There are 2 protein chains.
Amino acid sequence: MGATLRDVAREARVSTATVSRVINGRGNVTHETRARILGVVERLRYVPDSVARSLSTGLTHTIGVLLPDLHGEFFSEIIRGIDQAARRRGLHLLLSGIHGSAAEAALAIRALKGRVDGLLIMSPYADSAFLADHSADDTPAVLMNSPVRGNSHSSFCLDNRGGARAMVRHLAGVGHRRIAFIAGPRDNFDATERLAGYCEAMAELGPDLKELVLHGDFSEESGYRAAQRILALDERTDAVFAANDMMALGCLHAFNEARVSVPGDVALAGFDDIPMARFVSPPLSTVRVPMAELGARALDGIAAAASAPAATPNFTEIVATELVVRASCGAGLRDPGGESDARRGQRAPVV
Amino acid sequence: MGATLRDVAREARVSTATVSRVINGRGNVTHETRARILGVVERLRYVPDSVARSLSTGLTHTIGVLLPDLHGEFFSEIIRGIDQAARRRGLHLLLSGIHGSAAEAALAIRALKGRVDGLLIMSPYADSAFLADHSADDTPAVLMNSPVRGNSHSSFCLDNRGGARAMVRHLAGVGHRRIAFIAGPRDNFDATERLAGYCEAMAELGPDLKELVLHGDFSEESGYRAAQRILALDERTDAVFAANDMMALGCLHAFNEARVSVPGDVALAGFDDIPMARFVSPPLSTVRVPMAELGARALDGIAAAASAPAATPNFTEIVATELVVRASCGAGLRDPGGESDARRGQRAPVV
DNA sequence: ACTAGCGATGTAACCGGTTGCCTGATCGTT
DNA sequence: AACGATCAGGCAACCGGTTACATCGCTAGT
């Protein structure tokens, strides 16, 4: 067991209050006394116990982060953004993956009671009603990319809908008419928003556009199978827009296998801009989602709410997405190797 | 503020001790009393405060995880493995990225004092001496992929050296003689081990093999530049073995730009098996490092040490790597599209 | 009838800090 | 010389649980 505050106080022949003041830099201590105490602290290798401190101050300097899954780029980028923002503010992160049911999510939330100053939640189950039921009223929470009903909580959302609309407009703009969409899981918030964006844009762009929606589950394999179904159709499809990049890559595999040229025979686009997107051939047109930024903004939001619970009004903030045009959508960039275009991506080698 | 144990006790007209017994399922409580207490718990929406509980039991059920960086697949896989294992044991994860100096790492460690039951550390600075200085003696720690001196701590390491040796042997086995190595950062443990494996294998395989070591920093860009340096040499190079996949991808870009065919003119291999490796063209031969498994094993290790500090002897465990042969190393698989070979990778689409 | 033994519950100390309030000393003022 | 202001520092309650030990009532054993 390490030394405690009382040990230090005894050794330095002062009261615990004085030691505490020195540790926390609150004034009103003589130079001399302070030096003596610091000497003892050093000698005893005293390190304050965070848990005890949290108990008496009610502050943990920790934010609980609940994510539905920890798989892949998508989440690692969010975590990275959150971590950076947390570091800037001197906050710790308590990470929890909630894989299963709403019940598991609820359990995770209670287990965090007292341990965190605020909650950052991304989960299909986490709408406001759910939180009201399971989260303590005294722990502020903000939602990321989750369905928000009512405004009892702040939330940060990607502009999935706008991004999908932009991509559809772009595809239509370069002449594609029959644009198929491979949707994601039905119960996934991002997926339904992207689908909605596709539908909106198709409707808006007029009746000569031909809608076609297939269902996938965000996995590469489901994209592969969807592409096969598309190839089996009688009618020709001009373009395939997958609700995420992994499914687009699955499509690409299927098209390659079937000797269908991309973008020659069919245009292809994804969503997310995972790092792989610019490395495949042809480089994949996609919609970039700034996950790290989303994470960082959300952390800033919850940090503000945690430090001034009452003063922070609830709001919903939309984080913009960005259309990334590469060769796969056939937008006049017929460079098959995609070399020149790859340089357009971030982190391209500097010559 | 939520209800406290004392509130519940008062409402149920029992002592706090009895409520505590009911909450923790320790017997010796009448059915009747238990029911009454649970009723009040429900009504008051009482949730025990984890911090208070930690303070009095000395147990936090939390493991602190310190990683040098949160960037990329590599770390997200580790985190995923750790999270899975932690979930199985009902442990929480306190995540911290230590970007900067050893001083920052030390600070992070102290800040965790009392908050965690154990530490899982991956850091270039974290050798045993460092830990002895900065970590409390009462907090067990295990190291991942870090230099271990002495045996005051357990550690889990990737078999970087063996993996590099295997790749060199493979490259030599398919006929390459002049095998260049692009090393990683000099102060990085993985990097130096991989370099050592390369050197060992080259030495072992005889004097007709031609060594060439260039230095990179694990970034794609540094790989790109290293490839340019290689191309500028007078002597021809048969194969390039990069110490990680990102640098190998940088090489690939450079070779493509210079119209140097891979694997026709030069073979290429990487290390890590990031998901992208099987998607590039040609698919990249590499050494797979089971990061999730490493994370899971390490978590199991620290969990054991945390629950029975004395009973757990220190040990070093080596986690095996796996040679993944694809088209880029020119091992007789001349399929340029790499279609057939891509299927060899995990998660290939099921037809 | 007496008591050892047991099960249900209460009492209060404790975990390790923080902090409001109080004391006593020093110093400046008039 | 008396008095209020200012400051260093101590006292003790408090945060919200846990748990060793004490207590009390009841039953079974002799």
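What you are looking at is a predicted structure, and each value in this text was computed from that prediction instead of being measured. Side chains included, hydrogens not; waters and symmetry mates left out as well; all remaining heavy atoms used. Just so it is clear: chains get the letters A, B, ... in the order the sequence lines come, proteins before strands, and each one is counted from 1.
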Check residues 88-95 of chain A and write down every donor-acceptor pair under 3.5 Å in which the side-chain atom is one partner and the other belongs to a residue at least two apart or another chain.
{"unit_1": "A:Arg89", "atom_1": "NH1", "unit_2": "A:Asp300", "atom_2": "OD1", "d": "2.6"}

Check: Looking at residues at least two apart in the chain, or sitting in another chain, which of them share a side-chain hydrogen bond (donor to acceptor under 3.5 Å, both in side chains) with B:Ser20?
Finding: B:Asn24
Next item on the list: Return the residues of residues 30-44 of chain B meeting this criterion: a heavy atom under 4.0 Å from some atom of DNA chain D. Order them by number, or give none.
Entry: none
Check: Should B:Phe75 and A:Ser76 count as side-chain neighbours, where that means a heavy-atom distance under 4.5 Å?
Finding: no
Check: B:Asp7 versus B:Thr4: any side-chain heavy-atom pair under 4.5 Å?
Finding: yes
Note to self: Going by the rule side chain to side chain contact (heavy atoms under 4.5 Å, CB included), which residues pair with B:Ile37 if we only count those two or more places apart in sequence or in a different chain?
What the structure shows: B:Val8, B:Ala12, B:Val14, B:Thr18, B:Val19, B:Val22, B:Thr33, B:Val41
Checklist line | Short side-chain to backbone donor-acceptor contact, A:Ser50 and B:Ala111, under 3.5 Å | finding: yes
Check: So what does A:Val51 hit on the nucleic acid, given a heavy-atom distance under 4.0 Å: a base, only sugar-phosphate, or nothing?
Finding: nothing
Note to self: Taking salt bridge (Lys or Arg N to Asp or Glu O under 4.0 Å) as the cut-off, I'd like each qualifying pair that reaches into residues 16-44 of chain B, sequence neighbours left out, listed once.
What the structure shows: B:Glu11-B:Arg43
Write out a two-atom table: protein N or O, nucleotide N or O from nucleotides 18-22 of chain D, distance below 3.5 Å.
{"unit_1": "D:dT18", "atom_1": "OP1", "unit_2": "B:Asn24", "atom_2": "ND2", "d": "3.3"}
{"unit_1": "D:dT18", "atom_1": "OP1", "unit_2": "B:Arg53", "atom_2": "NE", "d": "2.9"}
{"unit_1": "D:dT18", "atom_1": "OP2", "unit_2": "B:Ser20", "atom_2": "OG", "d": "2.6"}
{"unit_1": "D:dT18", "atom_1": "OP2", "unit_2": "B:Asn24", "atom_2": "ND2", "d": "3.1"}
{"unit_1": "D:dT18", "atom_1": "O4'", "unit_2": "B:Ser56", "atom_2": "OG", "d": "3.0"}
{"unit_1": "D:dT19", "atom_1": "OP2", "unit_2": "B:Arg26", "atom_2": "NH2", "d": "3.2"}

Note to self: Whole angstroms only, please: what is the CG-C1' distance between A:Leu59 and D:dC15?
What the structure shows: 13 Å
Next item on the list: Output all residues satisfying side chain to side chain contact (heavy atoms under 4.5 Å, CB included) with A:Asn160, sequence neighbours left out; order by chain, then residue number.
Entry: A:Asn145, A:Leu158, A:Asp190, A:Glu193, A:Arg194, A:Phe271
Note to self: B:Ser54: which residues meet the side chain to side chain contact (heavy atoms under 4.5 Å, CB included) condition with it, sequence neighbours left out?
What the structure shows: A:Val51, A:Arg115, B:Thr60
Next item on the list: State, to the nearest 10°, the angle formed by the axis through the first five base pairs of the helix from C:dA1-D:dT30 to C:dT30-D:dA1 and the axis through its last five.
Entry: 60°
Next item on the list: Find the distance A:Asp7:CG to C:dC14:P and express it as a whole number of Å.
Entry: 15 Å
Next item on the list: With sequence neighbours excluded, tell me which residues meet side chain to side chain contact (heavy atoms under 4.5 Å, CB included) with B:Leu120.
Entry: B:Ile63, B:Val65, B:Ile82, B:Val142, B:Met144, B:Ala298, B:Leu299, B:Ile302
Checklist line | Atom-pair distance (NE2 on B:His61; P on D:dG17), nearest Å | finding: 15 Å
Next item on the list: Could you tell me the separation between the CG atom of A:Asp49 and the P atom of D:dC15, rounded to a whole number of Å?
Entry: 19 Å
Note to self: Does A:Asp83 form a salt bridge (charged side-chain N to carboxylate O under 4.0 Å, His left out) with A:Arg80? I'd like the steps, not just the answer.
What the structure shows: CA-CA 5 Å; A:Asp83 176 69; A:Arg80 193 170 63 86; over 6 Å; no
Next item on the list: Check ring-ring contact (aromatic ring centres under 6.0 Å, His included) between B:Phe156 and all other residues, then give those that pass, not counting sequence neighbours.
Entry: B:Phe315
Margin query: Quick check for you: to the nearest 0.5 Å, what is the distance between A:Ile318 atom CD1 and A:Thr316 atom OG1?
Written below: 7.0 Å
Tabulate protein N/O versus nucleotide N/O from nucleotides 23-28 of chain C, keeping only pairs under 3.5 Å, one per line.
none

Next item on the list: Please state how far atom CG in A:Leu55 lies from atom C1' in C:dG17, giving the value in whole angstrom units.
Entry: 8 Å
